[in-house]
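So the structure is just underneath, and the comments pick up after that.
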Amino acid sequence: MKRATFASNIGIILATAGSAVGLGNIWRFPYMLGSNGGAAFLLVYIVCILIMGLPVMLSEFYIGRRSHSNVKGAFTKLAPGTKWNLFGFIGVSCAVMILGFYSVVAGWTLEYIMQAFTGSLAGKSAAEFTSEFDLFSTSLVRPLIWTVVFILLTHFITASGVQKGIERASKVMMPMLFIILIALCVRSVTLEGARSGLDFLFHPDFSKVTSSSFLSAMGQAFFSLSIGMGTMITYSSYFTSKTNLQNTALQVTIIDTIVAVLAGIMIFPAAFTFGIRPEAGPQLVFITLPNVFERLPLGNVWSCVFFILLALAALTSTISMHEVATAYMEEEHKMSRKKGAWIVTGICIVLGILSSLSMGLLSGYTIGGLNFFNLLDFVTAKILLPAGGMLICIFIGRFVKRKDLLEEMTNQGTVRFYLFSTFYFLVRYVAPIAIALIFLNELGLLKKFIG
Ligand code: TRP
């Protein structure tokens, strides 16, 4: 049987950018930035994107398109007879773990869409928004139902296939997302507190950067670009022989970074206008924006539109994680796409339920002070993704022949890659060393050695 590919170049960009742009940009980035001092974090983040993000994404594109396989099969093909295909195991586990906590937050967006739609957000004070959010997110049944609904939505898109499911959904949802985002930014910068919000976002205060901000920024970069565990390997395995890998990586990275900055532009002016602290943590966007919108004319409409934006962004990302595991099931365990997708969905539902319950009922069960939800977030974003990124760099920089790399990146010599040497240098030295240093720094070892 012929293996699936995406049908068009625009489909490739939208699906890949759809994977990258998600709750990571609109929910996670603003609160990470908020609790790590603002603009200075943005700078560290951008450096991480340039020296690690881009090279790792391009490396994943090489692995995916060269092999036309799922995460495990890719390494079996490119490095036969080695242990490299164990990477498939990291990739698939990471995919279901991220889906496990991500779909809880995605589920919250559905609840808020409904509340905005039925007008029940109207007329609440800032304190009420906070307490209602806490009440809802720690309750037993509703968040669970929404989590499961979101996983099922994801399921039906991926089960419908690469072109009919993923590509088609991305082509509809991504343009909607851009339009909504721009409208909301315009709304936000015309608020009273816009100046202090934008200052917070763009005027760095380096005294606020702590040593663990580096790990947070690196984790955020990997998370936001969907790299380090094979999502980009899986998607690029559906690219065509004509896809220009460098341009695609650059475009997707630029889109992802712009959306994160726009999300900041949308959220901080709103937060400052109504005196909500940027350090509010994971609930930041769930309390800030409805609180602001509900005070404006047509408040329900704005709130509703905002949560639709979050849901769309989340869905184009959850399908990419689901696809990593589904493609693996289908190809490595030789089952139908539908059956593979159901197994993945089943596992995700179990993890999703556990992480939703860990906000309330199971909040007493912690490991290292983290509940299940935070544990999944911490282990994936701050450990597995950067570690996976490092392995990818080692694979590309030490294992793959330079000639093969150049051949694939230039589509057999038909397009030019002016910055190839820069890319190669980043992958071989800069990115893996930077990742290692940040890990060591977090463990406190670096301080011991230096001083
Ligand atoms: N990048 C997405 C976001 O920002 C989430 C995501 C999709 C992801 N696929 C991934 C994160 C793979 C890590 C790894 O929301």
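Counting convention: from 1, in listed order, for ligands and their atoms alike.
Enumerated by chain and number, the residues approaching ligand 1 to less than 4.0 Å through a heavy atom are Ser19, Ala20, Gly22, Leu23, Gly24, Asn25, Ile98, Tyr102, Phe223, Ser224, Ser226, Met229, Thr231, Ser317, Ser320, Met321, Leu385.
Note on ring orientation: taking the six-membered ring where Trp is involved, the planes of Phe133 and Tyr112 are tilted (angle from 30° to 60°). In this pair, Phe6 and Tyr235 present their aromatic rings perpendicular. The plane angle is above 60°, beyond the 30 to 60° band. By the 30° and 60° cut-offs, the orientation of the rings of Phe399 relative to Phe395 is parallel.
Screening residues 344-360 for side-chain hydrogen bond (donor to acceptor under 3.5 Å, both in side chains), with sequence neighbours left out, gives His155-Thr345, His322-Thr345.
Not a single side chain to side chain donor-acceptor pair (under 3.5 Å) links Ser336 to another residue, sequence neighbours left out. For Arg66, the salt bridge (charged side-chain N to carboxylate O under 4.0 Å, His left out) partners two or more places apart in sequence, or in a different chain, are Asp404, Glu407, Glu408.
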